[in-house]
Amino acid sequence: MRTLTFIFTLLACSLTACSSDSEAPKEPGQDPTPAAEVINLAENLDLHISTDKALYKPGESIRFSAEGTVPSGARIRYLHGSTQVADEPLSSPTWTWTAPQDDYTGYLAEVYTASGNTETIHGTVGVDVSSDWSRFPRYGFVASYDGSKTHAKITEEMVFLNRCHINGIQFYDWHNKHHWPLGGTRTQLLERYTDIANREVLTSVVKDYISVQHGYGMKTMFYNLCYGMLDDAAKDGVDDKWCLYANTSRKKDMISLPTGWKSDIYLADPSNKDWQQYLADRNDDVYANLDFDGFHIDQLGSRGTVYDYYGSQTDLPTGFASFINAMKARHPEKRLAMNAVSGYGAEKIGQTKQTDFMYTEMWGSESNYSHIRDVIQTNSQSSGGKNSIIAAYMNYGKSSSRGMFNTPGVLLTDAVIFALGGAHLELGDGHMLCHEYFPNSNLQMSEELQKAIVTYYDFLVAYQNLLRDGGTETTATVSTSKSGVSITSWPPKLQTVTTYSKKVGTRQVVHLLNFLQANSLSWRDEDGSMPAPQVLKDLPLRVKATGVQRVWAATPDRLGGAPQPLSFSKDGDSILITLPSLKYWTMIVIE
């Protein structure tokens, strides 16, 4: 069976413009094959492949399983980018592969059959070989812990999140009180208690979630504000001198919550050392009883001008950094993340270098697709290159009533976030996020969206080294002769195909994002009206590039994300290619 590398070489040198440069390299033991015999890729995604973990250490055994009938003559190959790492015959619906020794590397596993000059892709799955999740974080959530969460239900939820390679979980509103998160005391746990909304929480369910997630290699992060307390905080040992005040008359800063909830939330000064020690002690109680891997720290964004007990203005972003450092000093072995609401405090948070990744909750003030790029760039610069998780709530205007997510809006937003190098907090315990109150499950994913989301996350994992592993932002020069198609560089423009480009090592990576039919430049798709794009097929492109050895493309919208070799010809300082397909997003890699 030809290797994919050999196929690329044949394609790249099949045209006369390329043939004069040098003789085509030969695969050992083979003669060059005429271009007419180059293998084409076809799609018949009848196998649903999964892995037993969300990520693997180098050298670890990876167990695969496939739902569906493995066709006669099937083979399994493992690709890093366009390079084939291994290729073996496949006859069983379960098999294993030993992860290569290269750390922090993404792969795509493909099951395929060959007939004549056509290879048919039957199923794909991404594989993340990383010794630590923080390099390429993919964040999910859980938000309900009542008696309906049986072990079978928990397992069902985590099977889907594992299939999407979610490697970290935020436990939203699992806690008893913001200032006293554990249900009970260190020496006497409560079997059941209520959260801030007076919803039932079973300690056994929290423990079961943690255990099941650890079985998939996921990290578990308990959620809490850095400065929250309830109205009974004083009887639990909280001093008013630690509080945050809205004015110099000692009016406590607070947020009002709905009638029937346990309490409003009052705020502490996150830089107050006594408060830091108090909450760190309460976290000690949590860690002593629940096997959480770390603390997901939340905040509420800008509070305007606020004061400490003595009337001095408080610099909250500096206080956030002080709080993070205090939590890390208390438990150096535990993981930390902190929300920068609308970017508030992001620079100070990043500068601590103590969080595993950067996390930004985006709102209407940063609702354009172009804002996503700005957030990711700012986060990377302030943190020394750490990757970003974007909490972005889709179809928010529909979240107050039952309905379905709008698939085109979700996929176009994911395409932009992923192409720009981020990941999207959106998948949780049986539902996708449409609201900042994570238990809100009013909007559901259609079967079409669930299927597409799996492939998008496979793509994010398989090509993580091109998407999220550094690189230098560039401006690609791309044009087309196709009537009615305009190609523009970032930022996105309506009625165009927008390019976003990076130089990653020796590769030029050009992302094409389809806004031709888009009705808005807001990633929120507030009312769920974003239309599906028309698929562009056989799109002729001119791309400015020199010294080109080979070109390939991949898209989560076709072939299960499999790389497709592209023939090219040279024309001055550019190459001419034909892109097989563009729906939402296609990535072109020029080597």
Side-chain angles (χ1 to χ4, degrees), residues 1-11 25-102 105-129 162-163 165 451 454-455 457-459 461-463 550 552-554 556 558-565 580:
M1 187 61 62
R2 300 178 182 88
T3 66
L4 206 59
T5 301
F6 183 52
I7 294 169
F8 281 126
T9 302
L10 294 173
L11 281 166
K26 299 180 181 180
E27 188 179 55
Q30 294 191 13
D31 292 324
T33 303
E37 294 185 18
V38 169
I39 291 176
N40 301 310
L41 296 180
E43 179 176 86
N44 181 21
L45 300 177
D46 49 359
L47 291 180
H48 305 285
I49 309 171
S50 59
T51 58
D52 60 336
K53 288 187 179 181
L55 75 169
Y56 299 87
K57 294 180 172 60
E60 190 173 357
S61 179
I62 304 167
R63 175 167 289 277
F64 298 85
S65 60
E67 293 182 17
T69 302
V70 176
S72 176
R75 300 184 68 86
I76 176 72
R77 65 181 162 212
Y78 307 95
L79 303 169
H80 174 57
S82 66
T83 302
Q84 182 173 287
V85 176
D87 186 318
E88 303 167 347
L90 183 67
S91 58
S92 171
T94 62
W95 69 97
T96 60
W97 182 52
T98 301
Q101 290 299 320
D102 292 335
T105 306
Y107 299 92
L108 187 72
E110 295 178 354
V111 175
Y112 71 99
T113 54
S115 176
N117 69 339
T118 298
E119 286 184 356
T120 300
I121 307 297
H122 293 273
T124 61
V125 66
V127 177
D128 180 6
V129 178
N162 180 67
R163 181 57 190 84
H165 315 285
K451 182 178 179 181
V454 167
T455 307
Y457 278 81
D458 278 337
F459 198 90
V461 166
Y463 301 110
R550 60 179 176 175
W552 56 278
R558 183 169 179 263
L559 293 169
Q564 304 166 259

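Every heavy atom of this structure was used, including side-chain atoms; hydrogens, water molecules and symmetry mates were not.
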Participant: Any heavy-atom pair between the side chains of His80 and Pro100 that's under 4.5 Å?
Facilitator: no

Participant: Which one of Leu47, Leu108, Val454 satisfies the side-chain contact (heavy atoms from CB on, under 4.5 Å) criterion with Thr124?
Facilitator: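 In the set Leu47, Leu108, Val454, the residue that makes a side-chain contact (heavy atoms from CB on, under 4.5 Å) with Thr124 is Leu108.
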
Participant: Identify, with sequence neighbours excluded, every residue that meets side-chain contact (heavy atoms from CB on, under 4.5 Å) alongside Asp128.
Facilitator: Leu55, Ser130, Phe136, Arg138, Asn167, Val461, Gln464

Participant: Which atom pair, heavy atoms only, marks the closest approach of Gln84 to Leu79?
Facilitator: CA-CD2, 3.5 Å

Participant: Listed by chain and number, what are the side-chain contact (heavy atoms from CB on, under 4.5 Å) partners of Thr455, not counting sequence neighbours?
Facilitator: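 By the side-chain contact (heavy atoms from CB on, under 4.5 Å) rule, Thr455 matches Pro556.
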
Participant: Whether the side chain of Asp52 engages the backbone of Ile62 through a donor-acceptor N/O pair (distance < 3.5 Å, no angle test) should be reported.
Facilitator: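 No; zero donor-acceptor contacts below 3.5 Å.
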
Participant: Using the side-chain hydrogen bond (donor to acceptor under 3.5 Å, both in side chains) criterion, which residues pair with Trp97? Sequence neighbours excluded.
Facilitator: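 For Trp97, no residue satisfies side-chain hydrogen bond (donor to acceptor under 3.5 Å, both in side chains) once neighbours in sequence are set aside.
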
Participant: Closest approach of Pro89 and Ile76, non-hydrogen atoms and distance?
Facilitator: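 Closest approach of Pro89 to Ile76: O-CG2, 4.4 Å.
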
Participant: Using the ring-ring contact (aromatic ring centres under 6.0 Å, His included) definition, which of the options Tyr107, Trp552, Tyr457 pairs with Tyr463?
Facilitator: Trp552

Participant: Do you know the tightest heavy-atom contact between Thr51 and Gly126?
Facilitator: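 So the two residues come closest at CG2-O, 4.4 Å.
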
Participant: With sequence neighbours excluded, tell me which residues meet side-chain contact (heavy atoms from CB on, under 4.5 Å) with Leu45.
Facilitator: Glu43, Ile121

Participant: Applying side-chain hydrogen bond (donor to acceptor under 3.5 Å, both in side chains) as the test, list every pair that has at least one member in residues 60-70; sequence neighbours left out.
Facilitator: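 Listed by first then second residue: Ser50-Ser65, Lys53-Glu60.
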
Participant: Looking only at non-hydrogen atoms, find the nearest pair between Thr105 and Asp102 and report the distance.
Facilitator: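 Smallest interatomic distance, heavy atoms only, reads OG1-O, 3.4 Å.
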
Participant: How close do Ala554 and Pro563 get, heavy atom to heavy atom, and via which atoms?
Facilitator: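 Closest heavy-atom pair between Ala554 and Pro563: CB-CA, 4.1 Å.
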
Participant: Once you round to the nearest 0.5 Å, how far does OG1 of Thr98 lie from OH of Tyr78?
Facilitator: 9.5 Å

Participant: Give, for atom CG of Asn44 and atom CG of Leu559, the distance between the pair rounded to the nearest 0.5 Å.
Facilitator: 11.0 Å

Participant: Does any non-hydrogen side-chain atom of Val129 lie less than 4.5 Å from one of Gln101?
Facilitator: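 Side-chain contact under 4.5 Å: no.
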
Participant: Tell me, please, which residues at least two apart from Pro93 pass side-chain contact (heavy atoms from CB on, under 4.5 Å).
Facilitator: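 Here the qualifying residues are Val70.
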
Participant: I want to check something: taking the side chain as every heavy atom from C-beta on, are Leu90 and Phe64 in contact at a cut-off of under 4.5 Å?
Facilitator: no

Participant: Can you see which heavy atom on Ala54 is nearest to which on Asn162, and at what distance?
Facilitator: N-OD1, 2.9 Å

Participant: Please test His48 against Val125 for side-chain contact (heavy atoms from CB on, under 4.5 Å), starting from the C-alpha separation and ending with a verdict.
Facilitator: CA-CA 8 Å; His48 305 285; Val125 66; over 6 Å; no

Participant: Measure the OG1-CD1 distance between Thr94 and Ile49 for me, rounded to the nearest 0.5 Å.
Facilitator: 12.5 Å

Participant: Whether the side chain of Asn40 engages the backbone of Thr118 through a donor-acceptor N/O pair (distance < 3.5 Å, no angle test) should be reported.
Facilitator: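 Checked: no pair found.
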
Participant: Pick one: which of Glu110, Arg77, Arg75 meets side-chain contact (heavy atoms from CB on, under 4.5 Å) with Glu119?
Facilitator: Arg77

